S.K.: 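My structure is below; once you've seen it, I'll send some questions.
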Protein chains: 2
Amino acid sequence: MISIPRLRELGLKLTPQRLAILEVLEGNTEHPSAEDIYKQLKSRYPSLSLTTVYNTLEVLAGAGELQEIRIRANKRHFDPNPAPHGHFLCRICGAIDDVETGPLEIQAPLQTKGYFVEKYAPYFYGICPRCRERDRGSNQ
Amino acid sequence: MISIPRLRELGLKLTPQRLAILEVLEGNTEHPSAEDIYKQLKSRYPSLSLTTVYNTLEVLAGAGELQEIRIRANKRHFDPNPAPHGHFLCRICGAIDDVETGPLEIQAPLQTKGYFVEKYAPYFYGICPRCRERDRGSNQ
DNA sequence: TGTTGTTTTGTTATTATTATAAATAAGCAG
DNA sequence: CTGCTTATTTATAATAATAACAAAACAACA
């Protein structure tokens, strides 16, 4: 939830492009890529450039307002929810789902070894419930 | 530890290129990229092609003999240890360290929701002990 | 309303990876 | 050991995502 006052706080200018990108991200649980966002907006904002989308995502990710997801090789996705949680990639349909993670005591051993952990990103791979259900249906 | 009999089992031909790539990977805890492996071998095997390195890594990863690490945006690294474990990326020096992970009861909630989890890849980001130590030294 | 510095845009460059097709060579049969 | 078959390697070109750049546009403040 990136509010307009929050953007001001970060010293960012409120451009129509940024507001449009935020609108796409707001409450979005589909984890779009830069390209996805660009395509969604291009018809409404024909002058929008892909570079602007990248810039905006870069700035917001740097400010901790959204997170980069590196669950797929060679392609980044973005999550407007900056709270720590995991992600699941379905190898059938390619969907990326949010995964709630419990208390992260898993980090403790790292800290005792002298690591300074700033971020924890658990990724899961497999088959999502929708695809399992669909397959089950077609096998009967 | 990818043995020669294991390669045979997989129906793969034992080419000098593959053996050389395996030699670089064997016991390697530095998590090289395809390019890293290529550079290490190029002087010894001048005819080696980067495509071959990619092919070999692809085949071995597909067979579950090594794992792809997607901890960095837009660049893959490889780990000859196929056992489940996590990785830590240092934002100062870029090193990727192995992280032992305990029993993965974290997956249970996913399974009850109908997910079929084939792989779990926990990534950690921050500053490694070497860089923290170095900084501490230079600040005194 | 003018000024300043940020942002946007179009374009080009870079980087990692993948596709392709011809040449090579591993492994097996005889 | 020799030839055959097929997987593999190689060089090259293509692709795809992202980053760099510089000029034009415009948000924010005085």
Side-chain angles (χ1 to χ4, degrees), chain A residues 2 4-24 31-63 65-66 68-78 94 96, chain B residues 2 4-22 24 31-63 65-66 68-78 89 94 96:
Chain A
I2 306 149
I4 290 177
R6 179 68 185 128
L7 283 187
R8 284 235 162 74
E9 251 177 72
L10 295 167
L12 299 177
K13 292 190 172 168
L14 298 180
T15 65
Q17 294 87 342
R18 281 180 176 164
L19 296 174
I21 293 166
L22 286 179
E23 207 181 303
V24 170
H31 309 99
S33 65
E35 184 88 37
D36 292 335
I37 296 170
Y38 175 72
K39 281 183 185 155
Q40 268 189 62
L41 291 171
K42 189 64 180 171
S43 53
R44 252 196 301 157
Y45 300 90
S47 82
L48 181 68
S49 124
L50 184 54
T51 303
T52 297
V53 178
Y54 273 107
N55 285 345
T56 299
L57 293 171
E58 180 78 13
V59 165
L60 294 176
E65 296 299 313
L66 52 83
E68 265 184 57
I69 302 173
R70 300 177 185 172
I71 199 167
R72 287 181 46 186
N74 318 327
K75 183 151 199 173
R76 282 184 295 165
H77 293 258
F78 295 87
I96 296 172
Chain B
I2 307 147
I4 290 176
R6 180 67 185 127
L7 285 187
R8 284 234 162 76
E9 250 177 74
L10 294 167
L12 301 177
K13 291 188 176 173
L14 298 181
T15 67
Q17 293 88 341
R18 282 181 175 162
L19 295 174
I21 292 166
L22 286 179
V24 169
H31 309 99
S33 65
E35 184 88 39
D36 292 335
I37 295 170
Y38 176 71
K39 281 183 185 156
Q40 269 188 60
L41 291 171
K42 191 62 180 172
S43 52
R44 251 197 301 157
Y45 300 89
S47 82
L48 182 70
S49 124
L50 184 55
T51 304
T52 296
V53 177
Y54 274 106
N55 284 345
T56 299
L57 292 171
E58 181 77 13
V59 165
L60 294 176
E65 296 298 312
L66 52 84
E68 265 184 58
I69 302 172
R70 299 176 184 173
I71 200 167
R72 287 181 46 185
N74 317 327
K75 183 152 200 173
R76 283 184 296 164
H77 293 257
F78 294 86
L89 173 66
I96 297 173

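A, B, ... follow the sequence lines: proteins, then strands. Residue 1 opens every chain. Every value quoted in this text rests on a predicted model; they were computed, and no experiment measured them.
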S.K.: Within the structure provided, determine whether L22(A) and L60(A) are in side-chain contact (heavy-atom separation under 4.5 Å).
M.R.: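 Of all side-chain heavy-atom pairs linking L60(A) with L22(A), at least one is under 4.5 Å.
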S.K.: Could you measure the distance from the CG atom of L89(B) to the CD1 atom of I69(B)? Nearest 0.5 Å is fine.
M.R.: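 CD1 of I69(B) is found 10.0 Å from CG of L89(B).
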S.K.: Where do R70(A) and I71(B) land on the side-chain contact (heavy atoms from CB on, under 4.5 Å) test, with the steps shown first?
M.R.: CA-CA 7 Å; R70(A) 300 177 185 172; I71(B) 200 167; 5.7 Å; no
S.K.: Mind calculating the distance between CD1 (I21(A)) and C1' (dT8(C)) to the nearest angstrom?
M.R.: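 Distance, rounded to whole Å: 10 Å.
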S.K.: For dA16(C), does either OP1 or OP2 sit under 4.0 Å from a side-chain N or O belonging to R76(A)?
M.R.: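 Looking at the OP1 and OP2 atoms of dA16(C), neither is under 4.0 Å from any side-chain N or O of R76(A).
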S.K.: Please identify each residue that fulfils side-chain contact (heavy atoms from CB on, under 4.5 Å) with E58(B), with sequence neighbours left out.
M.R.: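 E58(B): side-chain contact (heavy atoms from CB on, under 4.5 Å) contacts with R76(B).
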S.K.: Chain B on DNA chain D: first and last contacting nucleotide, 5' to 3', under 4.0 Å to a heavy atom?
M.R.: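 On DNA chain D, the outermost contacted nucleotides are dT6(D) to dT18(D).
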S.K.: Roughly how far, to the nearest 0.5 Å, is the CD1 atom of I21(B) from the CD1 atom of I37(B)?
M.R.: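 Output value for this atom pair is 7.0 Å.
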S.K.: State, with a plain yes or no, whether a side-chain heavy atom of F78(B) is found less than 4.5 Å away from one of E68(B).
M.R.: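 Yes; the side chains approach each other to less than 4.5 Å.
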S.K.: Anything under 3.5 Å between a donor and an acceptor, one on a side chain of residues 6-18 of chain A, the other on a protein residue two or more places apart or in another chain? List them.
M.R.:
from	atom 1	to	atom 2	distance (Å)
R6(A)	NE	E65(A)	OE2	2.7
R6(A)	NH1	E9(A)	OE1	2.9
R6(A)	NH2	E65(A)	OE2	2.9
T15(A)	OG1	R18(A)	N	3.1
R18(A)	NH1	K13(A)	O	3.1

S.K.: Atom pairs, N/O to N/O, protein against nucleotides 23-26 of chain C, distance under 3.5 Å?
M.R.:
from	atom 1	to	atom 2	distance (Å)
dA26(C)	N3	K13(B)	NZ	3.2

S.K.: Given axes from five pairs at either end, by how many degrees does the helix from dT1(C)-dA30(D) to dG30(C)-dC1(D) bend, rounded to 10°?
M.R.: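 It comes to 30° between the two terminal axes.
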S.K.: Among residues 33-41 of chain B, which residues get a heavy atom nearer than 4.0 Å to DNA chain D?
M.R.: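 Hits under 4.0 Å, by residue number: none.
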S.K.: Enumerate donor-acceptor pairs with a distance under 3.5 Å from any side-chain N or O in residues 38-52 of chain B to protein atoms, sequence neighbours excluded.
M.R.:
from	atom 1	to	atom 2	distance (Å)
Y38(B)	OH	K42(B)	NZ	3.4
K42(B)	NZ	P46(B)	O	2.6
K42(B)	NZ	L48(B)	O	3.0
S49(B)	OG	T51(B)	N	3.1
S49(B)	OG	T52(B)	N	3.4

S.K.: Could you say whether T56(B) or L50(A) is positioned toward the 5' end of DNA chain D, judged by the nucleotide with the nearest heavy atom to each?
M.R.: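 In this pair, the answer is T56(B).
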S.K.: Scan nucleotides 10-15 of chain C against the protein and return all N/O pairs shorter than 3.5 Å with their distances rounded to 0.1 Å.
M.R.:
from	atom 1	to	atom 2	distance (Å)
dT11(C)	O4	T51(A)	OG1	3.3

S.K.: Quick one: side chain to side chain donor-acceptor pair (under 3.5 Å) partners of T56(B), sequence neighbours excluded?
M.R.: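 Partners of T56(B) by the side chain to side chain donor-acceptor pair (under 3.5 Å) criterion come out as none, since no residue qualifies.
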S.K.: Which heavy-atom pair separates A34(B) from V53(B) by the least distance, and what is that distance?
M.R.: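 So the minimum-distance heavy-atom pair works out to O-CG1, 3.6 Å.
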S.K.: Would you please name every residue forming a ring pair (Phe, Tyr, Trp, His ring centres under 6.0 Å) with H77(A), sequence neighbours left out?
M.R.: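 So H77(A) forms no ring pair (Phe, Tyr, Trp, His ring centres under 6.0 Å) with any residue.
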S.K.: Check nucleotides 28-30 of chain C for protein N or O atoms closer than 3.5 Å to its own N or O atoms and list the pairs.
M.R.:
none

S.K.: Which residues pass the side chain to side chain donor-acceptor pair (under 3.5 Å) test with D36(B), sequence neighbours left out?
M.R.: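 Applying side chain to side chain donor-acceptor pair (under 3.5 Å) to D36(B) gives S33(B).
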S.K.: Taking for each residue the nucleotide of DNA chain D with the nearest heavy atom, is it L12(A) or F78(A) whose nucleotide lies nearer the 5' end?
M.R.: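 Upstream on the strand: F78(A).
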